[in-house]
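Note sheet for the following structure.
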Amino acid sequence: MEKEFEGKTALVTGGSRGIGRAVCLDLAQSGAKVAVNFTLNASAAEKTVEMIRNQGGEAFAVRADVSRPVEVQSMVSQVEETHGPVNLLVTSAGIVRRESHETLTYEIWKEIMEVNMDGTFLPVMALKDGMLERGFGRIVCIASIAGLRPRPNNIAYSASKAGVIGFVRSCSEALAPKIRINCLAPGLIETEMISTLDPEKRKAMIQATPIPRTGTPKEMSNVVHFLLSEKASFVTGQTYVADGGRVTLP
Ligand SMILES: NC(=O)c1ccc[n+]([C@@H]2O[C@H](COP(=O)([O-])OP(=O)(O)OC[C@H]3O[C@@H](n4cnc5c(N)ncnc54)[C@H](OP(=O)(O)O)[C@@H]3O)[C@@H](O)[C@H]2O)c1
């Protein structure tokens, strides 16, 4: 039986770890050739590639800092020259710095904006023309519930994720119908990103979640899979929240 993403090439930014790794594993299992992007952690990217190959899939690691235009362009050229046109893009690369308004500096603000916003903008812009020419593209950008509700101790991160949501909404109209582009807004997900969270804060966040636990990367890749698939054929420009119900709370 043909697998759902057979014959497709996928690029997953931040595919070396966390949610991005789960997305890589899922897409490869569904038949896609997967380019696993990383920036610093080559061994984590190789681990993702190894996990995919062990399950019989096809994958390769590709280094690029997604906040750098030249590196993103060169990553896209490298992937497309070797493995063919990219049909599926997932932007999962991201960073968080939890700063209060007293400690937030312009440098930290810039760094977060560059990785989270430029790092979404650049891969989408590098791939959209090819997708439009070929008449097919499916994109999911990982935002956060921080982009949908106030985060007083996470102002820059929240602003960057709200920016991603706005970017996707406008792109969806500009690029339809050939390209569908949506956001996933995760809640608290068990990855290295939340390992530095204050234990008391973490406990309070879980207690405030109707499904009172952290989510798993696999639960996120399930939603990404749906949004990339033809089961979501009439869905574009949307932000799909997967947070155990927390965003709905006051
Ligand atoms: N975990 C959560 O609770 C949560 C909640 C809401 C939203 N999110 C969002 O989900 C996405 C994935 O988060 P995660 O939890 O999986 O994080 P993670 O485990 O910390 O992994 C971050 C990934 O981003 C990559 N990355 C960071 N900066 C990069 C850059 N400049 N260029 C290319 N790659 C870069 C890392 O690559 P290296 O391995 O090379 O460092 C790594 O693959 C992020 O956008 C995050 O904001 C996460």
*For residues Ser43 and Asn41, is any side-chain donor paired with an opposing acceptor at under 3.5 Å?*
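Yes, because at least one side-chain N or O of Ser43 sits under 3.5 Å from a partner of the opposite role on Asn41.
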Between [atom1] on residue [X] and [atom2] on residue [Y], distance to nearest 0.5 Å:
| X | Y | atom1 | atom2 | answer |
| --- | --- | --- | --- | --- |
| Asn153 | Asp198 | CG | CG | 10.5 Å |
| Phe167 | Cys141 | CZ | SG | 6.5 Å |
| Ile155 | Ser160 | CD1 | OG | 12.5 Å |
| Ile211 | Ile206 | CD1 | CD1 | 13.0 Å |
| Glu4 | Leu27 | CD | CG | 9.5 Å |
| Leu89 | Arg138 | CG | CZ | 13.0 Å |

Backbone of [Y] reached by a side-chain donor or acceptor of [X] within 3.5 Å:
| X | Y | value |
| --- | --- | --- |
| Arg53 | Ala59 | yes |
| Arg21 | Gly15 | no |
| Thr48 | Ser16 | yes |
| Thr13 | Ser92 | yes |
| Asn37 | Gly14 | yes |
| Thr103 | Glu99 | no |

[X] side chain near [Y] side chain, heavy-atom distance below 4.5 Å:
| X | Y | result |
| --- | --- | --- |
| Leu197 | Met205 | yes |
| Thr39 | Val115 | no |
| Glu219 | Val223 | no |
| Val76 | Val86 | no |
| Lys161 | Arg151 | no |
| Thr91 | Val164 | no |
| Ile19 | Pro186 | yes |
| Arg149 | Arg246 | yes |

What are the two closest non-hydrogen atoms of [X] and [Y], and how far apart are they?
| X | Y | result |
| --- | --- | --- |
| Gln55 | Leu25 | NE2-O, 3.0 Å |
| Ile52 | Ala28 | CG2-CB, 3.4 Å |
| Gly244 | Pro210 | O-CD, 3.2 Å |
| Val36 | Cys24 | CG2-SG, 3.9 Å |

*Between Arg68 and Asp65, is there a salt bridge with N-O shorter than 4.0 Å?*
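Result for this pair is yes, salt bridge flagged.
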*Answer yes or no: is there an ion pair linking Arg202 with Glu190, defined by an N-O contact shorter than 4.0 Å?*
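Salt bridge present between Arg202 and Glu190.
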*side chain to side chain contact (heavy atoms under 4.5 Å, CB included) between Leu228 and Lys8: does it pass, once the steps are laid out?*
CA-CA 11 Å; Leu228 292 174; Lys8 302 274 190 289; over 6 Å; no
*asked:* Checking Met131 against Phe136 for the side chain to side chain contact (heavy atoms under 4.5 Å, CB included) test, could you report, in this order, the C-alpha distance in whole Å, the side-chain angles of both residues, the deciding distance, and whether it holds?
replied: CA-CA 5 Å; Met131 288 176 168; Phe136 181 93; over 6 Å; no
Using the rule that two of Ile, Leu, Val, Met, Phe, Trp, Tyr join whenever any of their side-chain heavy atoms come within less than 4.5 Å, decide whether [X] and [Y] are in one cluster.
| X | Y | result |
| --- | --- | --- |
| Ile189 | Met193 | no |
| Val241 | Val23 | no |
| Val140 | Phe226 | yes |
| Ile112 | Ile165 | no |
| Val62 | Phe38 | no |

Show the atom names and distances, to 0.1 Å, of all donor-acceptor pairs under 3.5 Å that link a side chain in residues 173-185 to residues at least two apart or in another chain.
unit_1	atom_1	unit_2	atom_2	d
Arg180	NE	Ala232	O	3.3
Arg180	NH1	Leu227	O	2.9
Arg180	NH1	Ala232	O	3.0
Arg180	NH1	Val235	O	3.1
Arg180	NH2	Leu227	O	3.3
Arg180	NH2	Ser229	O	2.8
Asn182	OD1	Gly237	N	3.0
Asn182	OD1	Gln238	N	2.8
Asn182	ND2	Val235	O	3.0

_Lys218 atom NZ: more than 12 heavy-atom contacts under 6.0 Å_ =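 Yes - once you tally the heavy atoms of other residues, nucleotides and ligands closer than 6.0 Å, there are more than 12.
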*Under 6.0 Å from the CG atom of Leu132, do we count more than 12 heavy atoms belonging to anything else shown?*
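Count over threshold, so yes.
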*Residues in ring-ring contact (aromatic ring centres under 6.0 Å, His included) contact with Phe60, at least two apart in sequence or another chain*: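 Applying ring-ring contact (aromatic ring centres under 6.0 Å, His included) to Phe60 gives His83.
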*Got a sec, which residues hit ring-ring contact (aromatic ring centres under 6.0 Å, His included) with Phe5, two or more places apart in sequence or on another chain?*
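Phe5 satisfies ring-ring contact (aromatic ring centres under 6.0 Å, His included) with His225 only.
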*Would Arg17 and Lys47 satisfy side chain to side chain contact (heavy atoms under 4.5 Å, CB included), going step by step from the backbone distance to the final call?*
CA-CA 9 Å; Arg17 294 188 281 121; Lys47 176 79 187 153; over 6 Å; no
For residues 117-130, which side-chain N or O atoms pair as donor and acceptor with protein atoms under 3.5 Å away, sequence neighbours left out?
unit_1	atom_1	unit_2	atom_2	d
Thr120	OG1	Asn116	O	2.7

*Given Asn154 and Val96, is the side chain to side chain contact (heavy atoms under 4.5 Å, CB included) satisfied, shown in steps?*
CA-CA 8 Å; Asn154 224 340; Val96 69; 3.9 Å; yes
*Those residues that, when tested against Thr196, pass side chain to side chain contact (heavy atoms under 4.5 Å, CB included) (two or more places apart)*: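 Thr196 satisfies side chain to side chain contact (heavy atoms under 4.5 Å, CB included) with Arg98 only.
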*asked:* Taking side chain to side chain contact (heavy atoms under 4.5 Å, CB included) as the definition, give me every residue that meets it alongside Thr105, ordered by chain and number, with sequence neighbours left out.
replied: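 Once residues adjacent in sequence are excluded, the partners of Thr105 under the side chain to side chain contact (heavy atoms under 4.5 Å, CB included) criterion are Glu107, Ile108.
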